[in-house]
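Each chain gets a letter, A, B and so on, in the order its sequence line appears, and its residues count up from 1.
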There are 2 protein chains.
Amino acid sequence: MKRNIYDVARNMNLSPGTISKILNGKGNVSTKTRERVLKYVEEIGFTPNSSARTLKSKKSLTIGIVFSDISNFGLEHPFFSSVLQQFKNYIEIFGYEIVFIVNRVGNYDLSYLKWCLVKNVDGVLIVTGNINKPNIIELVNSEIPTVSTDIKMDDLYSVMSDDFMGMKLGLEFALKLGLRKLACVSGPLTSRAFYERYLAFKEILEENNLTFKEKYFRVSPTYGFTGGYNATKELLEEVKEAPDFIFALSDEIAYGVIRALEDSGLKVPEDVSVIGYDDVSFSKHFTPALTTIRQYKKEIGETAAKRLLALIDGTVKPEKQVELIPVSLVIRDSTKKVNLKQ
Amino acid sequence: MKRNIYDVARNMNLSPGTISKILNGKGNVSTKTRERVLKYVEEIGFTPNSSARTLKSKKSLTIGIVFSDISNFGLEHPFFSSVLQQFKNYIEIFGYEIVFIVNRVGNYDLSYLKWCLVKNVDGVLIVTGNINKPNIIELVNSEIPTVSTDIKMDDLYSVMSDDFMGMKLGLEFALKLGLRKLACVSGPLTSRAFYERYLAFKEILEENNLTFKEKYFRVSPTYGFTGGYNATKELLEEVKEAPDFIFALSDEIAYGVIRALEDSGLKVPEDVSVIGYDDVSFSKHFTPALTTIRQYKKEIGETAAKRLLALIDGTVKPEKQVELIPVSLVIRDSTKKVNLKQ
DNA sequence: TCGTTTTTCCTAATTCATAAAATAATTATT
DNA sequence: AATAATTATTTTATGAATTAGGAAAAACGA
């Protein structure tokens, strides 16, 4: 059952070296023998042992994934798991596979970088991580090609949504609807995405000669329903004038916001318009169907994959350090109708 | 930077073999040298190369995962990705890690089994797969320890929710509420879970002297919102008497069911009570909050992990071929209130 | 003290494939 | 046909660890 390259060589009356060459499509081998061997290999379904290959060649056809550094949600995180899925789909076309970077192997505790070296990963994708963790810093500064879909650092290629654009789309739509009392419920600002959206929110308000009021910008400690609910409740309590617009910085926060508004006797979208962020699959089925900023997870995952594979090949260096993927505004029922306005 | 066991040996004035023994905690080594080496290894942060280890020892500390054989959802599948996450968390404690079984490595197309052999995985978890695929059959019948959280086969250990119990809990609750026109919207019956729930539905109706009517059991081609919506619309059209209860066999189907009912002018729970299945995180925030059968993903993932690790160690053979994890009924607002009945 | 046993450590073989150097075989050139 | 140039194949070394078997050293008994 278990065959190695020597068995093949023996049966073909050739040397292992020749078999290896044929299997890797390199070197000078006559067409006859090549085809003969290829046929045989196909027949018996032989594949060279993966450990031996990476041991000798230092290539593992493997991409290390840094995932759940902030949250414990891991694979359950709706946005990131989707980005990862797309990334995975893409690299698999080229024979690569993903492995999760953990901080131990057998009995050894390891740093991310150590782990990568021990495992000989060809590259690393940081789906989500924390810029301040020494583990991450060490990894990014190493020789190993690395791409991120979440964090930004010097010498790190990043592929992510254009958060400024998202905020701009949302806020300008609100302004077009005639709304002026603009509030925002964000997730934790320790997350890069939320922080940048926060900056954008501020900046865009000022661009439009509206003053940014601290009390209208709420930070929830989570990016889920409950956080959005509580933050909104607090907002409504602490503020004299209820907002007529709330930008919820994740769809799930948006659901919490809407529920809190309803529980406080405010109607969505009649009294308050709400925009979410992400456009997770369920948002169109929610009542009211959620107006939201759509992030293109497939685009992000695939672009990250392309960039990383290019870095590994050493062919083309992506010229942009940070590649922003456009987002779009999906208008549904949680915001006032435009025609009502006109 | 890159060190091997020979470097360590040289610096310690010992042979590579001795270092290896110490690192693996086996064989006869004096306490003095053991501690001296361990201290040094700790200091320089040395870890033996993973490929070389598995090449020689045939152990990879790696579990192969069969995932998206039916759906293309992959990591985005709310239930299975969660089970996988729990599984992963558990095995990582013991130094194992997961790798996704794909059907190629480099330029070679492989069967699942071949892939496992090439990669030397120590065991396999079939999170979800299709019993009829030759790939799966070959894998299950191989020597490689395998556990599943979805499918059942001879010689395959399975850990999964008690579907009969779930259906029983749901239906008996409906009966207790005085409901007698019981309908069901299922996902595709090609999935084991849906099929078994279908059988249970039938059986339990008969146990209670109610006749099973084909028209009241609808099969949606998907397990999502839209499938549930369409199936319910069809149900209502084809049937003279609207049901007073619909058992939706996934939460997402349940959302679709409820929307369809509302669109048809039926109130939930006043006119029709609806029970979902899964208890995904969002079900409690839905309006109306969903009464549903809760599956214990953590329990399933962890138990599967324990069973698989036991099989790998060869210590204890799990005595039960199929281990059923109990489910529970979570009563919320999509079903009639009990006290209204009394 | 000498021989035996046990403990400790080393040597060498093994795992499997790849890469570079060396050799053999074939083709081309004059 | 003889030599040069190419092409095809083999040989050998290498990658980094594990393991079985053997040697040396220490411990033990008489």
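When rounded to the nearest whole Å, the span between NZ of K32(B) and C1' of dA26(D) equals 9 Å. Nucleotide dC9(C) holds its C1' atom 15 Å from the CE atom of M12(B), rounded to whole Å. The nearest whole Å value for the distance from the CZ atom in R34(B) to the P atom in dT7(C) is 14 Å. If you measure from atom CD1 of I22(B) to atom C1' of dC10(C), you get 13 Å, rounded to the nearest angstrom. Rounding to whole angstrom units, CG of residue D7(A) and P of dC16(C) are separated by 9 Å. Counting to the nearest Å, the C1' atom of dT8(C) and the CZ atom of R36(B) are 13 Å from each other. Rounded to whole Å, atom C1' of dT11(D) lies 14 Å from atom CG of L14(A). For the pair N28(A) CG and dA21(C) C1', the interatomic distance rounds to 14 Å; values are reported in whole Å.
When distances run from any side-chain atom of S30(B) to the nucleotides dA8(D), dT11(D), dT8(C), the shortest one goes to dT8(C).
A donor-acceptor pair shorter than 3.5 Å can be found between the side chains of T128(A) and D150(A). In the model, N13(B) has no side-chain atom that pairs as donor or acceptor with a side-chain atom of R36(B) under 3.5 Å. Donor-acceptor pairing under 3.5 Å is lacking for the side chains of E323(A) and T303(A).
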Is there any protein nitrogen or oxygen under 3.5 Å from a nitrogen or oxygen in nucleotides 23-29 of chain C, and what are the pairs?
none

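Once rounded to the nearest 0.5 Å, the distance linking CG of L110(B) with SG of C116(B) reads 10.0 Å. Atom CD1 of I19(B) sits about 8.5 Å away from atom CZ of F46(B), to the nearest 0.5 Å. Rounded to the nearest 0.5 Å, atoms CG (L117(A)) and CG (N49(B)) are 10.0 Å apart.
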Scoring nucleotides 14-25 of chain D by protein non-hydrogen atoms under 4.0 Å (B base, S sugar-phosphate only, - none) yields BBBBBB------

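N13(A) comes within contact range of the sugar-phosphate backbone alone, with a heavy-atom separation under 4.0 Å but no base atom that close. The residue T33(B) sits close only to the backbone: its heavy atoms come under 4.0 Å of sugar-phosphate atoms, none of a base.
Ring planes of F67(A) and F80(A): perpendicular class, angle over 60° (limits at 30 and 60°).
We find that K119(B) and E97(A) are joined by a salt bridge, their nearest charged nitrogen and carboxylate oxygen being less than 4.0 Å apart. Contact check on K88(B) versus E92(B) returns a salt bridge, with a Lys/Arg side-chain nitrogen under 4.0 Å from an Asp/Glu carboxylate oxygen.
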